[in-house]
Number of protein chains: 2
Amino acid sequence: MVDQALPRQAPNVSANAADDEHHCFVAKLFGKRARNREAQEERILNAATNCFIRSGFRGASMNEICSEAGMSPGALYRYFPSKEAIIEKISATHRQESAEILERMSQSRNIVDAITQVGLDHVKKMSMNDSGPGPRDSSARLFVEVRAEAMRNESVAAICELHEGLMREKLLGAFTAAKERGEIDPVTDLDLAVATLAAMGEGIIMRNFPAQGLPVEALEPVFRALAIAVLRPANK
Amino acid sequence: MVDQALPRQAPNVSANAADDEHHCFVAKLFGKRARNREAQEERILNAATNCFIRSGFRGASMNEICSEAGMSPGALYRYFPSKEAIIEKISATHRQESAEILERMSQSRNIVDAITQVGLDHVKKMSMNDSGPGPRDSSARLFVEVRAEAMRNESVAAICELHEGLMREKLLGAFTAAKERGEIDPVTDLDLAVATLAAMGEGIIMRNFPAQGLPVEALEPVFRALAIAVLRPANK
DNA sequence: CAATAAAGAGAGAACGTTCTCTCTCATTTA
DNA sequence: TAAATGAGAGAGAACGTTCTCTCTTTATTG
């Protein structure tokens, strides 16, 4: 009954510790074990994402996630130490994906074109469903969930702030460059412009524009007009 | 053991049912009993609001709410049948208060002035704390919580849709009137303008502008520029 | 190569806690 | 006195997490 339970010790009979370490390192990076671990983590993350979209961070139970992943609790807890950890990982990934849309900013010469494109890309991403079944606007749902969680979860708040800082920085950089190129009125307050455009981006996600029956394409001239309004104010 | 549990029926020994009904009606509206009931309900609602802001709808427990209200569960459940009911009531109230800001719309002659004022009022309300202690931006926090809940709670979703429909209607009415007065370019898509401005409003709440160190007053010219951009697009 | 040891991976029951909500009974009010 | 009100224990379910054990894969040894 107890004769097989406890005796679990690492023997470590090797004479060369460095060799062992190196071997372990290689195995962790490229081995079948490591690849399998990554695959399982992704399986859990996908399942959890679906559950969180369906029931919210607090509303979804670990059992629900386990069922969705086709996995036992014991197995799941081998890959993530807590529900918190899963929430944090998903929040970080989702925010990062949003932030990455800004990468295209530097590709465009015209700053108004660039803003317009970023806005459209954002809306498109948010009306998408990255992970299989479920509502079409999964990404937007998860977005709101992350925002709500950030209100009272310090870790998630830190994650949000990190990516938002990066976004602000990138936007500000692009605007400054455009200003130097003479595309923007010299008196425009760029910090204010960044904050305004970022807020508008989030609002449009929340209200879930496309879900209201408005086609994404209709937003093109709107984004353009807004970009012009914010970057080159008519008065003052 | 069971002899006292269920038999709780209104005896109604009166010969005149109409009199009783009338009496009851009057008592409910003006009696001390009714006033006390309302006071207790408000006490619970205030406590619950604080808890929900602090911990979220799902995160806050009924015990937490009872403690905050200085009340036992037995007492609380006399006034609200479930946690759900409290959530719904608070959601409805909060959304209604937001919608009521639009009442001023009709007071102003100039449509751009009106939009600007509504935007500023909205931001001011959201940076406020209606119910005593807690963070300064309680209203915004609650707003996000309601939005997240609406994503998966049908009742709350219905409440949101109701008030948003009213808001859209009111905005559209004001825009139409302004168009007839010649304030708005005849080719402007008013539905799109309504949706855009509503989305921007929500976004600015979410990003919590004032909390980012930007004074509310700085937003005045921004709102003005945006209103002009949305209502009278430069091209097309 | 066969035998053996160690570790990895996973299943599922069970843990202690916390949840929402109910029941009983005492107190207050009209 | 009869109804309204409230306190508080606690029922019963669900929660996140851990524990024990089995089975598979990998590494080591003779």
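We use all heavy atoms of the structure for the numbers below, so side chains are in, but hydrogens, waters and symmetry mates are not. Labels below follow one simple rule: chain letters A, B, ... track the order of the sequence lines, proteins then strands, and each chain is numbered from 1.
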Open item on the list: Would you compute the distance between atom CD of B:Glu164 and atom CD1 of B:Ile159 and round it to the nearest 0.5 angstrom?
Closed with: 11.5 Å
Task: Residue pairs passing the salt bridge (Lys or Arg N to Asp or Glu O under 4.0 Å) test where at least one lies in residues 44-62 of chain B, sequence neighbours excluded - done: B:Arg54-B:Glu64, B:Arg54-B:Glu68, B:Arg58-B:Glu149
Open item on the list: Checking contacts here: which listed nucleotide (C:dA9, C:dG12, D:dG16) is nearest the side-chain heavy atoms of A:Arg78?
Closed with: C:dA9
- [ ] Provide, to the nearest angstrom, the distance between the NZ atom belonging to A:Lys83 and the C1' atom belonging to D:dG16.
- [x] 8 Å
Open item on the list: Nearest whole Å is fine: how far is D:dT25 P from A:Asn36 CG?
Closed with: 11 Å
Open item on the list: Using a 4.0 Å heavy-atom cut-off, does A:Tyr79 contact any base of the nucleic acid, only the sugar-phosphate backbone, or nothing at all?
Closed with: sugar-phosphate
Open item on the list: Rounded to whole Å, please give me the gap between CZ in B:Arg58 and P in D:dC15.
Closed with: 11 Å
- [ ] Grab the CZ-C1' distance between B:Phe57 and C:dT20 for me, whole Å please.
- [x] 17 Å
- [ ] Could you state the atom-to-atom distance from CD of A:Glu41 to C1' of C:dA9 in whole Å?
- [x] 13 Å
- [ ] Please tell me which of B:Arg43 and B:Asn63 maps to the more 5' nucleotide of DNA chain D, matching each residue to the nucleotide holding its nearest heavy atom.
- [x] B:Arg43
Open item on the list: Between A:Lys83 (side chain only) and A:Phe57 (backbone N and O only), is there a donor and an acceptor less than 3.5 Å apart?
Closed with: yes
Open item on the list: With a 4.0 Å cutoff (strictly under), does any side-chain N or O of A:Tyr77 reach OP1 or OP2 of D:dT17?
Closed with: yes
TODO: Report the nucleotide, chosen from D:dT17, C:dT20, D:dA7, that has the shortest atom-to-atom distance to any side-chain atom of A:Met62.
DONE: D:dT17
Task: From CG (B:Asp121) to CD (B:Glu100), nearest 0.5 Å - done: 12.5 Å
TODO: Whole angstrom is fine here: how far is it from CD1 in A:Ile87 over to C1' in D:dC15?
DONE: 13 Å
TODO: Select base, sugar-phosphate, or nothing to describe what A:Ala69 touches, counting heavy atoms under 4.0 Å on all strands.
DONE: nothing
Open item on the list: Can you tell me how far apart CE (A:Met62) and CG (A:Leu76) are? Round to the nearest 0.5 Å.
Closed with: 5.0 Å
Task: Nucleotide D:dT17, atom C1' - distance to CD1 of A:Ile44 in whole Å - done: 14 Å
TODO: Specify the residue among A:Ala60 and B:Ser72 whose closest nucleotide of DNA chain D lies further upstream toward the 5′ end.
DONE: B:Ser72
Open item on the list: Just the rounded figure in Å: distance from P of C:dC21 to CZ of B:Phe80.
Closed with: 13 Å
- [ ] Between C:dG12, C:dT20, D:dG8, spot the one nearest the side chain of B:Pro73, thanks.
- [x] D:dG8
Task: A:Gln40 side chain near C:dG10 phosphate (N/O to OP1/OP2, under 4.0 Å) - done: yes
